[in-house]
Every structure is written in structure tokens, then in C-alpha cells.
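We name chains A, B, ... by the order of the sequence lines, and we start the count at 1 in each one.
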Protein chains: 2
Amino acid sequence: MTRPPSDALLASGRPDPLWSRVAGSILAAVEAGQYPLGTRLPPERELCEQLDVSRVTLRRALAHLVEAGALTSHQGRGWFVSRPPRGDWPSSLESFSETAERLGLAASSTVVEAAREASSLDDAEALGIAPGTPVYRIRRIRHLDGVPTALDTAVVPEAAAPGLLDHDFTRESLYRAMQARGATVHRAESVLESRPADAAASEALQLGRGAPMLVIRQLVHDERGRAVLLSLVEYAGDRYRLRTTFTKGG
Amino acid sequence: MTRPPSDALLASGRPDPLWSRVAGSILAAVEAGQYPLGTRLPPERELCEQLDVSRVTLRRALAHLVEAGALTSHQGRGWFVSRPPRGDWPSSLESFSETAERLGLAASSTVVEAAREASSLDDAEALGIAPGTPVYRIRRIRHLDGVPTALDTAVVPEAAAPGLLDHDFTRESLYRAMQARGATVHRAESVLESRPADAAASEALQLGRGAPMLVIRQLVHDERGRAVLLSLVEYAGDRYRLRTTFTKGG
DNA sequence: AAGTGGTCTAGACCACCCC
DNA sequence: GGGTGGTCTAGACCACTTA
């Protein structure tokens, strides 16, 4: 062994795994222009020497960067930089607050409901918990510069983020609050559809009945695969667009 | 080495990597009820012996099952069955033909337009080419079991996939045709919105005027970051849902 | 203290690509 | 043939959990 991993951990003072720091180094080099778009990276075995890690660790870092859309591999040819330097597009779905920031608008929320209750049969089945298990239900109207734009309903198992209701969702992001309570957000199975506004939505958002709405339903999991959030967001069709980037076959 | 991997590959006749087959074995055992929901799996080192693989390979299989939502790990405690995965979730946006296959419906297309023309100012700007550069414009009505479901407009620079119009888009997938002509599909910047049907869409899809439509606009790049396709798909809101998985922050 | 997952290493062999 | 990524192994040490 050329270098005990514990040395690096102590030296850097960071708790991140080695492969994660390696991924960061490579990404930094790409973004610094050392490897321009479309060019080939040095061979894996060479990168191992440069970065002083084993090939397994290096490949774990590279796999992470593929996931992030920054690199592509071609068997027998090499690793290539695939991401254009434009940082304008989110790699996952752009959140409401991120969108507001990008557009230079003020995001705010009106909390319509914030309660702890027994989970319904439907919610329990979706979340993979026993019916009746305590959940938090949070319903908000979301505004852009004061204009009501979306109706947002969230259901979170109490066990996933105990004490969640202590947060003030008028200003604070739900994701950030969940993160603070120990529920990390990782993967979201999502269904998108378009349908006419129903009575509740048209009243909350001051829309005509039957106006087109963009509806996104998500089951969000943490890094361990546990379902931590069931989310339904109904956007006024003429007031919002969702932006995202799909990779491979999108 | 206790067992050369090539033996297993030859014996099984399958090209799948070992870790993938290991993941399949474990999933099969879970689904067969050998490890009910919430129970603990045998320790990793024990599973290694049972399945006759190294720990690295086993952990790759387990990581895959976490990603699929079937398992959860707790450091120091063990691996637990978290939820039998219901249905397949696409890692990127599910394509029209994939959706049809999942639902057991027949996908077909009517080609409304397939032409080579000079690019418009708008299209040229989006694709990053000079206005007037030759492009292919392909417009299709897409059906599920004969029901018109979406209006699909695609613009492809001729240079990205020369000879593209020789394909028959009544049956063949656009992506596959582009792949065959040398345009690999990699990343798609996407905007989703909901809006009322306009005259063209309501006629093509036999919808009432103003009926909600789900609209997705995509700028698709290849692995080198070159724009290869500008796509606009308008779905009848009451006939289609988009499914996908977002990672991190969705 | 023992058991368990989390990370990392060094080395090997294979399949594919290009000269 | 030589270089490159793709896969797999055996063994080691660490951190966390449980008792």
C-alpha cells in the first residue's frame, strides 16, 4: 500500500469517502478547462498514479461522474468529457425555489394545512408503511412574486423526519427541512400529467374551472431506498414550466 | 480463485455480468418469500459463500437492489428487505414505445410530414447552427392501440444524421434511426408544460379546443455535446402520463 | 468484545478498438 | 499487438451497532 487511506482522511479533515474526493478532483480539472469538451482523459491506470488511488476507487469516482452526466466511457477507446460548460440546466428536476431564483422572482408559500395524522390506506401503500402509521401532511400554495402558481401536497412518515412540523414552511424549503431532520432525498419516481383544474385547485390558484394544470406526483426515496416523501404538485399551466435534463435516451 | 467467471458465463450462456445475476438471485429469493418484508438478510460474508462470489461483487449486486428500492442497509446491523419493487421505473424518461410495451398496447405512427428544408431562425438558434442550414423535419401522429395520443415534431440537422429520411417512421423509432445514421443520443435539456390544445393539435388528435395537453420540448445532444435533435411532443392530457425517475433533489 | 456493513488496495483476466 | 475499459477476486482495515 502506497498510502494509508486514513492519512488522507486525517489530513483533509473531511469525512467524505476517498472516491468522492477523487470525483471532485476530476470534475474540477474538467471545469477548469484542463480536459475540454469531447477530449479524452488519460487512461485509467495513468489517472490512478496521478491521483494515487487504486483502480477500483478511481472507477467508482468515474461511475459517479457518468451518473452526473459529466463523462462517458467507450470500451477500448477511453473516457471522454461529455458535458458542455453551460451550468444553466439542472441535472435533476429544478425545484420551485431554484426556478424562482433563476427567473429573479421571489418565492413564497402559504401554508394551508400542516398536521400530524394517521396515514390513509392509499398513502400507506405508496409509502410502504402500515396504514395508520403517523405521517405529517403539509399543504401549501406556492407563489412567484405574490402570484399563486402551484398547489403542493406533501406526506412524510413521522419516522423519516421526526419534528418536521417545527419548521416554518412559509419561507423554508421542505427538502432542506427534511434534510435537517435526517431524511436525505435521493431518488424520486415521478409521473407527470396534464389535466383540467378541479374545484380545490381552481379556488386555491384563482383559475377558471377546466384550465390546464401540470401535475407531478412523486415518491421520493432516501439513499437507503426508504420512502420518505409522497408529493403531489399541481401547477397552473399558464404560469409555470418544469425544466430538467434527461440522460441517455430521454 | 474458487471459480473462474468465464465458466459461469459459458455454462449459463448469458452475457450478463456476474453481479447482475447475483442481484437477480437475491431478488428472486426475496420475491419467493424466503426473506419477507422487513427481515434481515444473512451477513454479507455468508451470502458470499452461499452465492460463491467475492464480497465486492456481492456488494455491487446489493447496491443495485438498493437503487431499485428492494433493500436497505444499516451499518453495523445488516441488510433488510425494504419493499418489493412494484413495476419497472425507467432511469431516464420512458419513451413512447417503451410505455406502450409496458402497458401491453400497440404503438404506431402516422407520418404527417417528412421533409428536408432550410432551418428557420428559431430552430437554427436552438440547435446552434447557421440559419438556412439543411435540416430534416419529421411530424408524426402517434397512436396507442389505434387511438391518436400525441403529436410529435422533430427537427434534425442533416449533418447529424445524413440520409435520415430513408427510414420508415411508421414503425421504426426515431432514436434508433438516428443511432443507425451516426447520431448518438445522450442528454436532453427538457421543458415540460401544460397548455390548451390549439387548432392543429385538436384536429390531429381529435380533441376539443382548449383540452389540456402535456407538452415536452427537448434539445437533445450527443455524447460530444453537439445538438442533434429538437423535439416537441404534445400529448393529449387525458390519454398519456410521462414516467421517469429523478435523482438527487427531484 | 463480537458482529456487521463501509471502504480501499493490488493484481488478474477478458472483450473491444485501433494501428 | 498493444492499449483501453469492464469485471472479478482475496484480503485488509475502519466505523458503527449491539450486548
Task: Set of residues satisfying salt bridge (charged side-chain N to carboxylate O under 4.0 Å, His left out) with respect to Arg116(A), sequence neighbours excluded - done: Glu158(A)
Open item on the list: The criterion is salt bridge (charged side-chain N to carboxylate O under 4.0 Å, His left out); which residues satisfy it with Arg176(A), sequence neighbours excluded?
Closed with: none
TODO: Measure the distance from CZ on Phe80(A) to P on dT4(D) and round it to the nearest whole Å.
DONE: 11 Å
- [ ] Kindly say if Trp79(A) contacts the phosphate of dG5(D), meaning a side-chain N or O under 4.0 Å from OP1 or OP2.
- [x] yes
Open item on the list: Let me spell it out: for each of Glu44(B) and Trp19(A), pick the nucleotide of DNA chain C with the closest heavy atom. Which residue's pick is nearer the 5' end?
Closed with: Glu44(B)
When you compare the protein's N or O atoms with those of nucleotides 16-19 of chain D, which come within less than 3.5 Å of each other, and at what distance?
from	atom 1	to	atom 2	distance (Å)
dC16(D)	O4'	Gln75(B)	OE1	3.1
dT18(D)	OP1	Arg77(B)	NE	3.1

- [ ] Decide yes or no, distance alone: a donor-acceptor N/O pair under 3.5 angstrom between the base of dG3(C) and the side-chain of Arg45(B).
- [x] no
Open item on the list: Return whichever of Gly78(A) or Val56(A) has its heavy-atom-nearest nucleotide of DNA chain D closer to the 5' end.
Closed with: Gly78(A)
Task: Atom pair distance, as rounded to whole Å: CD in Glu49(B) and P in dA10(D) - done: 11 Å
Open item on the list: Can you measure His64(A) atom NE2 to dC8(C) atom C1' for me and round it to whole angstrom units?
Closed with: 18 Å
Task: Thr245(A) (side chain) donor-acceptor with Ala188(B) (main chain) under 3.5 angstrom - done: no
TODO: Please state how far atom CZ in Arg60(A) lies from atom P in dC8(D), giving the value in whole angstrom units.
DONE: 16 Å
Open item on the list: Categorize Arg59(A) for me: base, sugar-phosphate, or nothing, with a 4.0 angstrom heavy-atom threshold over every strand shown.
Closed with: base
TODO: Please report, rounded to the nearest Å, how far the C1' atom of dT7(C) is from the CZ atom of Arg21(A).
DONE: 11 Å
Task: Residue met sooner reading DNA chain C from 5', once Pro42(B) and Ser20(A) are mapped to nucleotides - done: Pro42(B)
TODO: Give the ring-plane orientation class for Phe96(B) versus Tyr240(B), where under 30° counts as parallel, over 60° as perpendicular and anything between as tilted.
DONE: parallel
Open item on the list: In whole Å, I'd like the distance from the CG atom of Leu71(A) to the P atom of dG6(D).
Closed with: 12 Å
Task: Whole-Å gap separating P (dA15(C)) and CG (Asp16(B)) - done: 15 Å
Open item on the list: Please report the distance, rounded to the nearest Å, between CG in Leu41(A) and C1' in dT4(D).
Closed with: 13 Å
Open item on the list: Under a 3.5 Å threshold, yes or no: a donor from one side chain and an acceptor from the other, between Asp122(A) and Ser120(A)?
Closed with: no
Open item on the list: Just N and O in the side chain of Ser73(B): are any of them under 4.0 Å from OP1 or OP2 of dG6(C)?
Closed with: yes
TODO: Establish, with yes or no, whether the OP1 or OP2 oxygen of dT7(D) is under 4.0 angstrom from a side-chain nitrogen or oxygen of Thr57(B).
DONE: no
TODO: Measure the CD-CG distance between Gln34(B) and Leu41(B) for me, rounded to the nearest 0.5 Å.
DONE: 8.5 Å
- [ ] Establish, with yes or no, whether the OP1 or OP2 oxygen of dT9(D) is under 4.0 angstrom from a side-chain nitrogen or oxygen of Arg55(B).
- [x] no
- [ ] Could you tell me whether the side chain of Ser119(B) and the main chain of Thr133(B) form a donor-acceptor pair under 3.5 Å?
- [x] yes
